[in-house]
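Worksheet: the structure to be examined is printed underneath.
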Amino acid sequence: QVQLVESGGGLVQAGGSLRLSCAASGRPSSSYAMGWFRQAPGKEREFVIGISRSNIIYYADSVKGRFSISRDNAKNTVYLQMNSLKPEDTGVYYCAADTGGRVDRTAREYDYWGQGTQVTVSS
């Protein structure tokens, strides 16, 4: 099994940037697809961005051009770089792994999840 731990969340003003990290332990594999989801109070968990085992990247329309995702396989870590942040980006951000190696946009397709890290963007 794999454990995922997110870090790097916090408070930032609109227009600012944050970088989130997702560290994997246990028996991680570079063949997994990795995705980031977020959830605001009272709303469903939504797909943000993901990277396949072949390093193909998929974006939600709301973050394209502002967010990016990358891997550091030596550190078993995936990163989410967030630029030009908006108040509507506020929420709990979750890292997830899909053992099939393909990016999915629905949360139920992922096999492992982190506990989440809070991101708050002030106006």
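Keep in mind it's a predicted model, so treat the numbers as computed, not measured.
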(request) To the nearest 0.5 angstrom, please state how far the CZ atom of R53 sits from the CZ atom of R71. (result) 10.5 Å

(request) To the nearest 0.5 Å, tell me how far L80 CG sits from I51 CD1. (result) 11.5 Å

(message) Quick check: is I57 connected to L20 through a chain of hydrophobic side chains (ILVMFWY, heavy atoms under 4.5 Å apart)?
(response) yes

(request) Flag yes if V63 and V92 sit in one hydrophobic cluster, no otherwise; membership is Ile, Leu, Val, Met, Phe, Trp, Tyr, and two members link when side-chain heavy atoms are under 4.5 Å apart. (result) no

(message) Once salt bridge (Lys or Arg N to Asp or Glu O under 4.0 Å) is applied, do any residues pair with D89, and if so which ones, sequence neighbours excluded?
(response) R38, R66

(message) Once rounded to the nearest 0.5 Å, what's the spacing between atom OH of Y58 and atom CD1 of I69?
(response) 12.5 Å

(message) Nearest 0.5 Å, please: how far is OG in S68 from CZ in R19?
(response) 10.0 Å

(message) Using only atom types and a distance under 3.5 Å, with no angle test, would you say the side chain of T106 pairs donor to acceptor with the backbone of R108?
(response) no

(request) Over all heavy atoms of both residues, which pair between A14 and S123 is shortest? Give the atoms and the distance, please. (result) CB-CA, 4.5 Å

(message) Enumerate the ring-ring contact (aromatic ring centres under 6.0 Å, His included) contacts for residues 15-53, please, sequence neighbours excluded, ordered by first and then second residue.
(response) F37-F47, F37-Y110, F37-W113

(request) Look at the side-chain heavy atoms of Ile, Leu, Val, Met, Phe, Trp and Tyr, link any pair under 4.5 Å apart, and say whether V119 and V5 land in one connected group. (result) no

(request) Scan for disulfide (SG to SG under 2.5 Å) pairs involving residues 10-102, sequence neighbours excluded, and state none if there are none. (result) C22-C95

(request) Tell me whether V103 is reachable from Y59 by hopping between hydrophobic residues (I, L, V, M, F, W, Y) whose side-chain heavy atoms are closer than 4.5 Å. (result) no

(message) Counting neighbours of CZ on R45 that are heavy atoms of other residues, nucleotides or ligands and sit closer than 6.0 Å, is the number greater than 12?
(response) yes

(request) Would you please test Q3 and Q1 for side-chain contact (heavy atoms from CB on, under 4.5 Å) and show each step? (result) CA-CA 7 Å; Q3 297 79 47; Q1 297 290 86; 4.2 Å; yes

(message) Using every non-hydrogen atom in the two residues, find where V2 and A24 come nearest and quote the distance to one decimal.
(response) CG1-CB, 4.3 Å

(request) Mark yes or no for whether S52, through its side chain, and S54, through its backbone, hold a donor-acceptor pair below 3.5 Å. (result) yes

(request) Could you work out the complete set of other residues in the hydrophobic cluster of L11, with links drawn between I, L, V, M, F, W and Y side chains under 4.5 Å apart? (result) none

(request) Search all heavy atoms of S17 against all heavy atoms of S84 and return the closest pair with its distance. (result) OG-N, 4.3 Å

(request) Check for a donor-acceptor pair, side chain of T117 on one end and backbone N or O of G9 on the other, with a separation under 3.5 Å. (result) yes

(message) Under a 3.5 Å distance rule, please check whether N73 uses its side chain to pair with a backbone N or O of S30 as donor and acceptor.
(response) no

(request) Might you confirm whether atom CD of Q115 has over 12 heavy atoms from other residues, nucleotides or ligands at distances under 6.0 Å? (result) no

(request) Could you tell me whether the side chain of D98 and the main chain of G100 form a donor-acceptor pair under 3.5 Å? (result) yes

(request) Report yes or no: does T90 contribute a side-chain atom to a donor-acceptor pair with the main-chain N or O of V121 at less than 3.5 Å? (result) yes

(request) Only pairs at least two apart or in different chains count here, so list each disulfide (SG to SG under 2.5 Å) that has a residue in residues 28-87. (result) none

(message) Per the ring-ring contact (aromatic ring centres under 6.0 Å, His included) rule, what does the pair list look like for residues 61-107, sequence neighbours excluded?
(response) none

